[in-house]
Amino acid sequence: MHCPLCHEPEHALYCEHETGEYRICEECSLVFVLKDAYLDEEQEKGRYDLHTNSPDDSNYRKFLSKVLDPVCERVKKGSSGLDFGSGPGPTLSKMFEEEGRSEEHTSE
């Protein structure tokens, strides 16, 4: 399989996870899974239904910390930014507020 983004044929193992193997493109650095690891619609919906994506979900907060932590390392307290929404609510913006940064949010 070629990279789904740039179509480069060369890719390497990025990491292994309980859900399968992730590859990284040697040209554009996209991380992806091979087509044989794609979930069908029913499997994808079943996996999606396992999470709640709410501010009270510690696993969701842990996932969002992958964005929060590097931004907080680079942006001063008191700064503001825009959370151009994905997800059902303003969890990431709440996390930024807890870290002393304010964030505008929209669901558009």
I need the full list of salt bridge (Lys or Arg N to Asp or Glu O under 4.0 Å) pairs touching residues 66-79, with sequence neighbours left out, sorted by first then second residue.
none
State which residues pass side chain to side chain donor-acceptor pair (under 3.5 Å) with [X]; sequence neighbours excluded, sorted by chain then number.
X	value
Asp40	none
Glu27	none
Arg61	Glu98
Thr19	His17, Tyr22

List in chain and number order the residues that pass side-chain contact (heavy atoms from CB on, under 4.5 Å) with Glu10, two or more places apart in sequence or in another chain; answer none if no residue qualifies.
Glu8, Glu26
Kindly check if the number of other-residue, nucleotide or ligand heavy atoms within 6.0 Å of [atom1] ([X]) is above 12?
X	atom1	value
Phe32	CZ	yes
Gln43	CD	yes
Tyr48	OH	no

Say whether Leu64 and Val75 are linked into one hydrophobic cluster, either directly or through other cluster members, by side-chain heavy-atom distances under 4.5 angstrom.
yes
Going only through I, L, V, M, F, W and Y residues with side-chain contacts under 4.5 Å, is there a path from Val31 to Tyr38?
yes
Between [Y] and [X], is there a side-chain heavy-atom distance shorter than 4.5 Å?
X	Y	answer
Phe96	Cys72	yes
Leu30	Pro4	yes
Leu92	Val67	yes

Separation between [atom1] of [X] and [atom2] of [Y], rounded to the nearest 0.5 Å:
X	Y	atom1	atom2	answer
Cys6	His11	SG	NE2	10.0 Å
Tyr14	Cys25	OH	SG	13.5 Å
His2	Lys35	NE2	NZ	11.0 Å
Glu16	Glu21	CD	CD	5.5 Å

Heavy atoms only: give me the nearest Cys28-Leu5 pair and the separation to one decimal.
SG-CD2, 3.8 Å
Can you check whether Lys45's main-chain N or O pairs, donor with acceptor, with Arg47's side chain at less than 3.5 Å?
no
Test item: Arg23 side-chain N/O and Leu34 main-chain N/O as donor-acceptor pair under 3.5 Å
no
